[in-house]
Amino acid sequence: MRILLGVGGGIAAYKAAQLARALMERGAAVETVMTRSAREFIQPLTFASLTGNKVITDLFASGSSDQDTLSSAIEHIRAARDNELLLVAPCTADLLAKFAHGLADDFLSTTYLAFTGKVVLAPAMNVNMWNHPAVQANLATLRQRAGHIIVDPDAGYLACGMTGPGRLADPKHIADVAVQALRRREDLTGETVLISAGPTQEPLDPVRFISNRSSGKMGYALADAARARGARVILVSGPVHLPPPAGVEMVRVRTAVEMRDAIIGRLPESTIIIKSAAVADYHVANVPAQKVKKTAAKVSIDLDPTPDILAECGRIKGDRILIGFAAETQNMMQEARRKMEVKNCDMVVGNLVSQEGIGFESDNNAVTLILRSGEVEKIAEAPKREIADRILDQITKLRLAAAVHE
Ligand code: PMT
């Protein structure tokens with residue numbers, strides 16, 4: 001494991017030394033880049049002594065010859081190429097802004113742009129800076145960026161004398177996140193993951209429809225995470241306003257019937273099926289060809305059930321791994337277990353959608369994984385991209401268990 005540790009300028013810079021040590025204890029080779037302001041807080045020699053590697057501090061280090069200067073000018077390309085993960089801690093508000101907007105005016109920011117692997121950012125700053133809308137907007141951009149993991153700061157007493165979120169997360173925790181991110185790499189190679197995401201729209205007439213609040217964020221995060229772990233990914237998506245994740249085969253549908261046809265049509269190619277879409281349970285079977293006119297009278301609509309795609313997948317899945325979701329406002333565990341049995345799933349992701357800040361539309365989620373073996377894993381609130389990786393972690397365990405029983 002080769003990790004490039006970027007150290008930003010903040011009072012927490014001294015904890016980056018503990019982080020370098022924690023990474024090395026976990027078997028990583030660490031190369032360090034320090035920004036100019038980081039060097040005001042801690043000396044490069046500390047990192048050089050801890051890691052056994054020279055510390056990079058300048059984009060244009062002055063050398064004895066033009067050749068030296070040229071080598072140092074392209075050093076960021078070498079550092080980006082030779083390392084498997086870029087970890088920035090403490091990641092200051094300034095660095096978050098540079099990374100979010102693609103500014104490149106020092107070694108760390110140019111290396112960030114040249115780097116194509118996974119990026120872990122551990123921010124630390126004053127609580128008011130952390131809460132500032134500009135910082136939160138930059139964080140939101142980076143949370144959505146493929147291959148990026150944000151390790152949120154802890155809340156507590158800060159060096160500035162204020163209390164609240166902003167303190168660098170525990171270095172051992174940051175090291176665990178970084179190492180796990182590297183271990184997850186490519187563990188789904190050879191798998192074809194078929195994912196459904198977003199809502200469906202069920203027409204009432206040519207201009208009206210029934211739908212729900214699903215934004216597609218959970219399903220798109222799963223698609224992005226599965227792709228990053230080496231899988232071929234087919235994403236069957238209802239109408240959403242999200243850009244397609246890079247490297248994923250998109251199949252766009254509108255109604256439950258179209259989603260059913262797309263999923264069942266692509267099922268033979270797949271080895272893992274994840275049904276995170278919020279499919280409408282009812283639709284108008286015979287949609288009127290013309291817009292329904294307004295009258296003073298009450299109207300009622302006859303709705304027929306839509307095809308139950310998950311149940312159909314459960315009947316024909318063979319030895320494929322099938323993951324259902326259960327979005328519930330009450331009795332989540334019972335409902336999830338019931339769905340697992342009735343629909344022949346290998347795991348159900350229980351999502352309590354009545355809780356503020358998680359579930360539909362939000363960037364975060366909190367879920368409970370219910371496995372056929374009876375095992376239950378509760379995953380606390382985290383960005384949907386992190387939740388996606390935790391769901392995929394369980395799927396890789398299911399795959400290993402299935403291989404042992406073959
Ligand atoms: O899209 P986001 O805004 O990010 O929100 C994420 C989410 C809340 C939509 C997601 O986390 C979630 O919980 N998805 C499942 C939503 C749902 O419709 O759950 P359900 O309990 O009604 O359905 C159970 C399962 O059956 C689901 O896997 C669903 O895809 C599937 N189903 C449902 C109806 C139907 N006709 N066919 C199906 O296959």
Side-chain angles (χ1 to χ4, degrees), residues 143-144 194-202 210-225 235-242 245 253-264 266-267 272-283 285 303-317 321-370 379 381-388 390-391 395:
R143 283 190 207 281
Q144 296 296 328
L194 177 60
I195 299 173
S196 75
T200 62
Q201 291 179 354
E202 308 303 329
I210 304 173
S211 192
N212 61 63
R213 287 172 44 210
S214 172
S215 62
K217 287 178 187 172
M218 190 65 246
Y220 277 54
L222 280 160
D224 183 54
L235 178 58
V236 178
S237 173
V240 298
H241 302 283
L242 298 173
V253 298
R254 184 174 177 215
T255 64
V257 168
E258 287 171 15
M259 188 170 272
R260 181 253 164 221
D261 291 348
I263 293 283
I264 301 303
R266 305 300 294 264
L267 185 134
I272 297 169
I273 305 143
I274 310 177
K275 293 282 294 83
S276 66
V279 186
D281 289 318
Y282 296 94
H283 67 165
L303 296 174
D304 288 312
T306 53
D308 189 328
I309 310 167
L310 184 60
E312 189 172 351
C313 290
R315 285 193 294 275
I316 60 173
K317 79 183 189 79
I321 294 176
L322 176 62
I323 313 298
F325 269 65
E328 308 294 341
T329 53
Q330 56 181 350
N331 304 331
M332 185 189 76
M333 293 301 286
Q334 294 93 306
E335 269 308 298
R337 287 200 171 101
R338 188 188 64 77
K339 281 175 181 159
M340 181 152 60
E341 286 310 320
V342 174
K343 302 183 187 201
N344 194 24
C345 299
D346 296 283
M347 178 170 87
V348 170
V349 181
N351 203 166
L352 198 60
V353 287
S354 49
Q355 200 179 312
E356 190 64 21
I358 63 161
F360 286 99
E361 297 170 300
S362 57
D363 290 334
N364 286 1
N365 213 353
V367 299
T368 304
L369 309 185
I370 298 115
I379 306 179
E381 183 172 340
K384 281 181 174 162
R385 185 58 176 71
E386 267 179 63
I387 301 276
R390 298 285 296 277
I391 294 170
I395 294 175

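Whatever order the structure lists ligands and atoms in, that order sets their numbers, starting from 1.
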Salt bridge (charged side-chain N to carboxylate O under 4.0 Å, His left out) partners of residues 321-333, not counting sequence neighbours, each pair once
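Matches after skipping sequence neighbours: Glu328-Lys339.
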Shortest non-hydrogen contact from Ala223 to Leu235?
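In this case the closest contact between Ala223 and Leu235 is CB-CD2, 3.9 Å.
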Heavy-atom gap [X] to ligand 1 smaller than 4.0 Å:
X: Glu312; answer: no
X: Gly359; answer: yes
X: Pro307; answer: yes
X: Ala280; answer: yes
X: Asn365; answer: yes

Among all protein heavy atoms, pick the one closest to atom 11 (O) of ligand 1 and tell me residue, atom and distance.
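Going by distance alone, atom 11 (O) of ligand 1 is nearest to Asn351 OD1, 2.6 Å.
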With nothing but distance in play, are any N or O atoms of [X] less than 3.5 Å from an N or O of ligand 1?
X: Ala326; value: no
X: Met218; value: yes
X: Ser196; value: no

Only counting residues at least two apart or in another chain, list the ones meeting side chain to side chain contact (heavy atoms under 4.5 Å, CB included) with Ala327.
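Testing Ala327 for side chain to side chain contact (heavy atoms under 4.5 Å, CB included), a comparison that skips the adjacent residues, returns Val353.
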Side chain, backbone, both or neither: the part of Lys339 lying under 4.0 Å from ligand 1 by heavy atom:
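Side chain only.
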What do we get for Asp281 next to ligand 1 when only non-hydrogen atoms under 4.0 Å count, side chain, backbone, both or neither?
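The answer is the side chain of Asp281.
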